[in-house]
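Chain naming here is simple, since letters A, B, ... match the order of the sequence lines and numbering starts at 1 in each.
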2 protein chains.
Amino acid sequence: MATARPGPNLSRIAASLGVSVATVSNALSGKGRVSAELVERIRATAATLGYVPSQAGRALRTGRSGVLGLVLPDISNPLFPQIAQAIEHAAAIAGYGVLIADSRGDVGTQTEAIHRLVERGVDGMVIVPRRGTRIADAGCPVAVIDTPSTPGNTVSADHWQGGREIASHLRNLGHRKILLIGGSSASSVQNDRIGGFKSALDATIKTEVLWIEKLEEQDGPGCLLGLADKVQQGFTAFAAVSDLHALRALTELQRAGIAVPDSASVTGFDDLIWSPVVTPALTTIRMDIAAIAEIAITALVSAIQNGEPIKKGRPREASADEPLHVNRLVTAEKSRVPMQLVVRQSSGPLGLASTNLSAGELLT
Amino acid sequence: MATARPGPNLSRIAASLGVSVATVSNALSGKGRVSAELVERIRATAATLGYVPSQAGRALRTGRSGVLGLVLPDISNPLFPQIAQAIEHAAAIAGYGVLIADSRGDVGTQTEAIHRLVERGVDGMVIVPRRGTRIADAGCPVAVIDTPSTPGNTVSADHWQGGREIASHLRNLGHRKILLIGGSSASSVQNDRIGGFKSALDATIKTEVLWIEKLEEQDGPGCLLGLADKVQQGFTAFAAVSDLHALRALTELQRAGIAVPDSASVTGFDDLIWSPVVTPALTTIRMDIAAIAEIAITALVSAIQNGEPIKKGRPREASADEPLHVNRLVTAEKSRVPMQLVVRQSSGPLGLASTNLSAGELLT
DNA sequence: GTCGGGTGATTAATCGTTTAATCAAACGCC
DNA sequence: GGCGTTTGATTAAACGATTAATCACCCGAC
């Protein structure tokens, strides 16, 4: 239902005060010219009647629904809650509602989801794209949150810098042989993180990348990563591009009897919910999702308000010179938000144990 | 914007075919009387013109927005992605969109969030309540997902039965002294799980409940749970009411050098994303969220379609005999969906190691 | 030949809001 | 006092879809 049922509407207020609906509308929106005294009276009766403006009526007239769409690549991504929460909050402050759409990991479904949102009349949408997908024409302003290196990206965390931060951290702790653990080599976010990581290190430090997805193709999902072997080979630090992988590494190492951080350091990315409570608590990198969401929403809203020609009704022929489906990729002034290192217990200096490892390395 | 911009609307189609808008509307909705041949022609031109019905126009006329609200207690809950995904999917199939609202853990915010949804004109809403909150009058059909023991619950997993399942599992493995690990004693879900757990055991099995929230009030967030001591006291199994707590227990035990599952078993609840990939993989209980979502949405949609008197415009006086804010708590035929035990590696038979533990117990 | 019934389409009203255009009255100014 | 301007409010026309009521027409029946 559009509002409360026989819902107090503008005309009810108008009738009860003996004025016209237009005056009531003007008074409540503060737009036209209404005497201060009348504005006050209208406000009061609106309040006592429990007036709630009908979004449907407003949307129909203004051509704006006041709703934004949020398209997510894979809702089961553990980072999603934070993103959704931040977007919802930022949107609510800006006076917008948030309609969710799940791509379910599939690119086709993503296009379909976008279409559903358009059908529902969203004013704009925030898309967290699936692995370098091209965004289908949406016909409305679109803010993309991915990585700064993605063309069309509106705003995102500076994954590259995040990678540098964690690399410096491990370098300063004395680690010289580091295993990077990634999920899928197709993820631009993960590649950015790894790229940044490597860029912060000089030739004296050896790195290797382990792609879990590739490994699981052989050994099946949930297989061991073989980290104990890696320790034998002299790796003293394991830097995962996600806390999920870090957790996997941490438990695997612990199970193998390798003490963390005494014998090996483990770091993650994203500061997911479990990171502070596992033992040892995970050293990780946090993105300022609230800031990202706010920037994205602000850019989106401003694009909606400025850009849109308000859709003047042109009932006759659509003039052929204007494109039917404009896809406005919104840009923001600040497109990369720095990530913040969170040092906890899972990373530590290359200590006494490292001698063992050197020995192990010799054995190999 | 409501649809694509100068958006093809009913009148455009009507004009291009030389018929009336009403006929077009009838043809597309299949309601009035239109000749089969004309229906076909209208369908065709609607397709070629790329017609997308304006939800705003429809909502205004019918009083139905085609949107459901999803109210969550705390969006950062790791279970949220699954719920949101399932609800969104079920709603999409039923032809509804999903508007999210986050309570941010606060009860006041929850009422406020509900109000925002009502303002946006949702046809109904799904609420996952915060710790036994009373649902504020929403003025529209409401489906509640909590626990079967909560009054007003529409549908949910059978947490009690889930507790029984995991208890039997541990009993059959030979465990006789089990520590239950909960987060907050105020959570009805957790209490149901614990209640069910205990109900499946006889007096020969000793249990104790550890509430993390209470512990953290003393020792600060992220503190150790003191599980090594518990092992010393003879506990051989740790059953957490959430995988998050199970993970915390698992890593703490591993860090303390206690092998899982050889020296102690650990089980969780909910089958969260990391459960299959940690080492050892977590034994847990999974709820059939897809089924729950479908039942909730079905019940909600049927309440919307049957119950609502369609809001006949009554522009004059609201008849005093009908309540202004009816809060329809929707009920479903099947209100409790069974949970399913997922046995992995973190739980095992009480083996050789238990003798150590008996010894440890003697020491205490 | 006219009347009744069915068919296929149109007319027109309506949902609630916004907003350009209009209008009446009051006011200032020469 | 007449004229232009400002102020404060009203009128009326949209927005796009739905739907009850109406209408024209054809066909068979009495």
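Closest approach of B:Ile100 and B:Leu117 over heavy atoms only: O-CD2, 4.5 Å.
Residue A:Ala22 has its side chain nearest to C:dT19 when only D:dA17, C:dA9, C:dT19 are considered. Of the candidate nucleotides D:dA17, C:dC15, D:dA9, D:dA9 has the atom lying nearest to any side-chain atom of A:Arg33. With D:dA9, D:dG16, C:dA9 as the choices, the nucleotide that has an atom nearest any side-chain atom of A:Val34 turns out to be D:dA9. For B:Val19, taking side-chain heavy atoms from C-beta onward, the closest of the listed nucleotides D:dC15, D:dG8, C:dT10 is C:dT10. Here the nucleotide nearest the side chain of B:Leu38, chosen from C:dA9, D:dA17, C:dG16, is C:dA9.
As rounded to whole Å, 6 Å separates atom C1' of D:dA17 from atom CG of B:Leu10. Taking atom CZ of residue A:Arg41 and atom C1' of nucleotide D:dA9, one finds them 12 Å apart after rounding to whole Å. One atom, CZ of A:Arg64, and another, P of C:dT17, lie 18 Å apart when rounded to the nearest Å. Rounded to an integer number of Å, the gap from B:Asn26 CG to C:dT10 C1' is 10 Å. One atom, CG of B:Leu60, and another, C1' of D:dC15, lie 9 Å apart when rounded to the nearest Å. Here D:dG8 presents its C1' atom at 12 Å from CD of A:Glu37, a figure rounded to the nearest Å. Straight-line distance from the OH atom of B:Tyr51 to the C1' atom of D:dG16: 8 Å, rounded to whole Å. Per the geometry, CG belonging to B:Leu49 stands 15 Å off C1' belonging to D:dG16, to the nearest Å.
Between A:Ile127 and A:Ile114, some side-chain heavy-atom pair lies under the 4.5 Å cut-off. Counting heavy atoms from C-beta outward, B:Val98 and B:Val67 have side chains that stay 4.5 Å or more apart. Considering only heavy atoms from C-beta on, A:Ser65 stays 4.5 Å or farther from A:Gln55 through its side chain.
Listed pair A:Ser35 / D:dA9 meets the phosphate criterion, a side-chain N or O lying under 4.0 Å from OP1 or OP2. Of the side-chain N and O atoms in B:Lys31, none sit less than 4.0 angstrom from OP1 or OP2 of D:dT18. Under 4.0 angstrom from either OP1 or OP2 of D:dT10 there lies at least one side-chain N or O belonging to A:Ser20. For the pair B:Arg58 and D:dT18, the criterion of a side-chain N or O lying under 4.0 Å from OP1 or OP2 is met. Regarding contacts with the backbone of C:dT18, a side-chain N or O of A:Ser25 is found under 4.0 angstrom from either OP1 or OP2.
Tested against B:Ile42, the residues B:Asn26, B:Leu10, B:Leu28 include a single side-chain contact (heavy atoms from CB on, under 4.5 Å) partner, B:Leu28.
In terms of polar N and O atoms assigned as donor or acceptor, the side chain of B:Arg61 comes within less than 3.5 Å of the base of D:dT18 in a complementary pairing.
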